[in-house]
Protein chains: 2
Amino acid sequence: MVTDDLVLGRQVCFALYAASRALTDVYRPILDEFGLTYPQYLVLLVLWERGDDVPTVSELGAALRLDSGTLSPLLKRLEAAGVLVRSRSARDERRVEVRLTDAGRALRERMCGVPLRVARATGLTEAELIGLRDTLTRVTETIHRQREK
Amino acid sequence: MVTDDLVLGRQVCFALYAASRALTDVYRPILDEFGLTYPQYLVLLVLWERGDDVPTVSELGAALRLDSGTLSPLLKRLEAAGVLVRSRSARDERRVEVRLTDAGRALRERMCGVPLRVARATGLTEAELIGLRDTLTRVTETIHRQREK
DNA sequence: AGCAACTTAGTTGCGCACAACTTAATCGGT
DNA sequence: ACCGATTAAGTTGTGCGCAACTAAGTTGCT
């Protein structure tokens with residue numbers, strides 16, 4: 001029966017939407033201790049990971065799948081907070097390079113316990129977390145691959 | 001090493017955030033045909049499911065885990081679009097009852113193919129979808145149970 | 001060299017999410 | 001019956017997320 005497919009509880013989409021917001025709820029008070037929002041934290045993860053390989057705004061966007069409409073004001077706030085600096089590339093004035101400040105690098109040490117605190121709140125085992133992550137990653141990549149055609 | 005835990009690709013949180021947005025990307029053009037956004041569609045799912053059991057704003061909020069700050073303007077837009085009507089309860093003037101119009105009920109038939117179209121775009125089998133949904137639902141409930149303490 | 005096509009960031013506008021607050025109605029204890 | 005506490009919906013303000021657009025710089029073709 002077609003009708004049953006429309007029931008809220010049966011939809012994977014709602015489960016994904018609800019779980020994503022629930023996890024953000026877990027992050028919020030934790031990240032609040034550091035004056036960060038969740039998307040801002042994701043930007044820092046990319047910058048920490050890159051190290052000396054300084055990304056541009058669009059490279060950050062490729063990593064997080066966010067466009068300049070989202071990133072420009074977000075990066076402006078992170079710059080105002082003193083964790084990073086934006087500067088035009090000398091060899092290509094269109095590009096803006098995003099560099100951590102010392103304060104931004106120092107945050108990495110202070111926040112190293114965050115992922116574990118969040119993982120515990122999910123109530124899943126490590127194996128379940130890995131399985132979940134891999135399934136989700138596969139879904140995301142399938143969708144993006146189809147959109148590129 | 002603590003450092004490895006902070007790498008973006010290893011984080012379940014990012015996988016969840018990315019998958020949720022990717023799935024919304026799948027919905028957007030489909031729902032656009034009906035003039036709806038994704039959260040608006042979720043509200044309709046609840047209303048269709050309830051049938052004659054007319055929910056209040058806060059009952060909708062409990063089903064979708066959204067507060068009046070989100071729902072009030074959203075419902076106002078759906079009312080302006082003609083798919084539902086809001087009216088103060090006669091027996092408790094604080095409550096606002098949310099009722100489908102004929103147009104809102106008619107949308108259900110027109111949209112019955114939507115879930116299947118979206119499910120196909122994920123590239124997962126039916127069994128994988130069910131497994132994913134159940135894992136996500138478990139995560140969400142674990143988090144909410146902990147928050148209530 | 002000149003110029004059209006493209007790339008990169010940024011801006012604007014809209015719709016969520018959510019915290020904090022306001023307003024109005026109901027409940028509960030005395 | 002009164003009045004403080006609670007409940008329900010709405011409002012305000014902030015920060016995403018994304019579409020559409022703008023401004024400025026670079027590339028490539030002739």
Side-chain angles (χ1 to χ4, degrees), chain A residues 14 17-29 31-32 35-44 55-81 84-98 144 147, chain B residues 14 17-29 31-32 35-44 54-62 64-81 84-98 144 147:
Chain A
F14 177 70
Y17 167 80
S20 181
R21 285 193 298 128
L23 203 55
T24 306
D25 287 343
V26 174
Y27 272 101
R28 193 170 298 108
L31 295 180
D32 215 49
L36 295 173
T37 65
Y38 180 63
Q40 289 169 7
Y41 171 67
L42 293 180
V43 167
L44 289 183
T56 63
V57 172
S58 54
E59 282 166 356
L60 281 174
L64 301 172
R65 298 197 175 271
L66 293 171
D67 68 4
S68 67
T70 300
L71 284 174
S72 286
L74 188 157
L75 293 171
K76 200 185 283 185
R77 283 185 285 270
L78 283 176
E79 188 169 34
L84 57 79
V85 175
R86 292 178 300 161
S87 56
R88 289 279 166 186
S89 163
R91 71 169 52 135
D92 185 344
E93 292 273 338
R94 290 172 305 180
R95 293 165 179 271
V96 167
E97 294 165 347
V98 181
H144 286 132
R147 292 196 82 65
Chain B
F14 177 70
Y17 167 81
S20 181
R21 285 192 300 127
L23 204 55
T24 307
D25 286 344
V26 174
Y27 272 102
R28 193 171 299 108
L31 295 181
D32 214 49
L36 294 173
T37 65
Y38 180 64
Q40 289 169 8
Y41 171 66
L42 292 180
V43 166
L44 289 183
V54 176
T56 63
V57 172
S58 54
E59 282 165 355
L60 281 174
L64 300 173
R65 298 195 176 274
L66 293 171
D67 67 4
S68 68
T70 300
L71 284 175
S72 287
L74 188 157
L75 293 171
K76 199 185 284 186
R77 282 185 286 271
L78 283 177
E79 188 169 34
L84 57 80
V85 175
R86 292 177 300 160
S87 57
R88 289 278 165 189
S89 163
R91 72 169 53 131
D92 185 343
E93 293 272 340
R94 290 172 305 180
R95 294 166 178 270
V96 167
E97 295 164 346
V98 180
H144 287 132
R147 291 196 82 64

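Here is the naming used below: chain letters follow the sequence lines, and residue numbers restart at 1 for every chain.
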## Note on the structure
Rounded to whole Å, CG of A:Asp32 lies from P of C:dA19 at a distance of 10 Å

### Query
Under 4.0 Å between a side-chain N or O of A:Arg28 and OP1 or OP2 of C:dA17?
no

### Message
So, applying side chain to side chain contact (heavy atoms under 4.5 Å, CB included) with B:Leu64, which one of B:Val43, B:Thr70, B:Leu74 is it?
### Response
B:Val43

### Message
I want to check one thing: is the phosphate of C:dA17, taken as OP1 and OP2, less than 4.0 Å away from some side-chain N or O of B:Thr70?
### Response
no

### Task
For A:Gly69 and for B:Thr56, locate the closest nucleotide of DNA chain D by heavy-atom distance; then report the residue assigned to the nucleotide nearer the 5' terminus.
B:Thr56

### Query
How are the rings of A:Tyr38 and B:Tyr17 set to each other: parallel, tilted or perpendicular (split at 30° and 60°)?
perpendicular

### Task
Indicate, with a heavy-atom threshold strictly under 4.0 Å, whether A:Ser72 touches base, sugar-phosphate, or nothing.
base

### Nearest-angstrom distance from the residue atom CG of A:Leu23 to C1' of C:dA17
15 Å

### Query
Once you round it to whole Å, what is the distance between P of C:dT11 and CG of A:Asp67?
13 Å

### Task
Could you say whether A:Arg21 or A:Arg86 is positioned toward the 5' end of DNA chain C, judged by the nucleotide with the nearest heavy atom to each?
A:Arg86

### Sub-4.5 Å side-chain heavy-atom contact between A:Leu36 and A:Leu78
yes

### Closest-nucleotide ordering on DNA chain C, the 5'-leading residue of A:Asp25 and A:Ser68
A:Ser68

### Query
Taking any atom under 4.0 angstrom from a heavy atom of chain B, which nucleotides of DNA chain D are the first and last to qualify, 5' to 3'?
D:dT7 to D:dA19

### Message
According to side-chain hydrogen bond (donor to acceptor under 3.5 Å, both in side chains), who are the partners of A:Glu93, at least two apart in sequence or on a separate chain?
### Response
none

### Query
How far apart are the C-alpha atoms of B:Val98 and B:Val85, what are their side-chain angles, what is the distance that settles it, and do they pass the side-chain contact (heavy atoms from CB on, under 4.5 Å) test?
CA-CA 6 Å; B:Val98 180; B:Val85 175; over 6 Å; no

### Task
Determine whether B:Arg28 and B:Thr37 make a side-chain contact, defined as any pair of heavy atoms from C-beta on separated by less than 4.5 Å.
no

### Task
Would you mind reading off the distance between B:Gln40 atom CD and C:dA17 atom C1', rounded to a whole angstrom?
14 Å

### Task
Please list, chain by chain and in numerical order, all residues satisfying side chain to side chain contact (heavy atoms under 4.5 Å, CB included) with B:Ser87, sequence neighbours excluded.
B:Glu97, B:Arg99

### Task
For B:Val96, enumerate each residue passing the side chain to side chain contact (heavy atoms under 4.5 Å, CB included) test, keeping only those at least two apart in sequence or located in another chain.
B:Val57, B:Arg86, B:Arg88

### Message
Return the CD to CG distance between B:Glu59 and B:Leu71, rounded to the nearest 0.5 Å.
### Response
12.0 Å

### Task
Check DNA chain D against residues 73-81 of chain B and give the residues with a non-hydrogen atom under 4.0 Å, in numerical order.
B:Lys76

### Message
Would you say A:Tyr17 places a side-chain N or O within less than 4.0 Å of OP1 or OP2 belonging to C:dA17?
### Response
yes

If you restrict it to nitrogen or oxygen atoms, what contacts under 3.5 Å exist between nucleotides 21-25 of chain C and the protein, and what is each distance?
none

### Query
Taking atom OH of A:Tyr41 and atom CG of A:Leu31, what is their separation to the nearest 0.5 Å?
7.0 Å

### Task
Using whole Å, report how far CZ of B:Arg65 lies from C1' of C:dC16.
18 Å

### Query
Tell me: CG of A:Leu71 to C1' of C:dT8, nearest whole Å?
12 Å

### Query
What are the two closest heavy atoms between B:Ser20 and B:Thr24, and how far apart are they?
O-OG1, 2.8 Å

## Note on the structure
By nearest-heavy-atom nucleotide on DNA chain D, the more 5' of A:Ser89 and B:Arg88 is B:Arg88

#### Entry: Contact summary for B:Gln40 and B:Gly35, nearest pair of heavy atoms
OE1-O, 4.0 Å

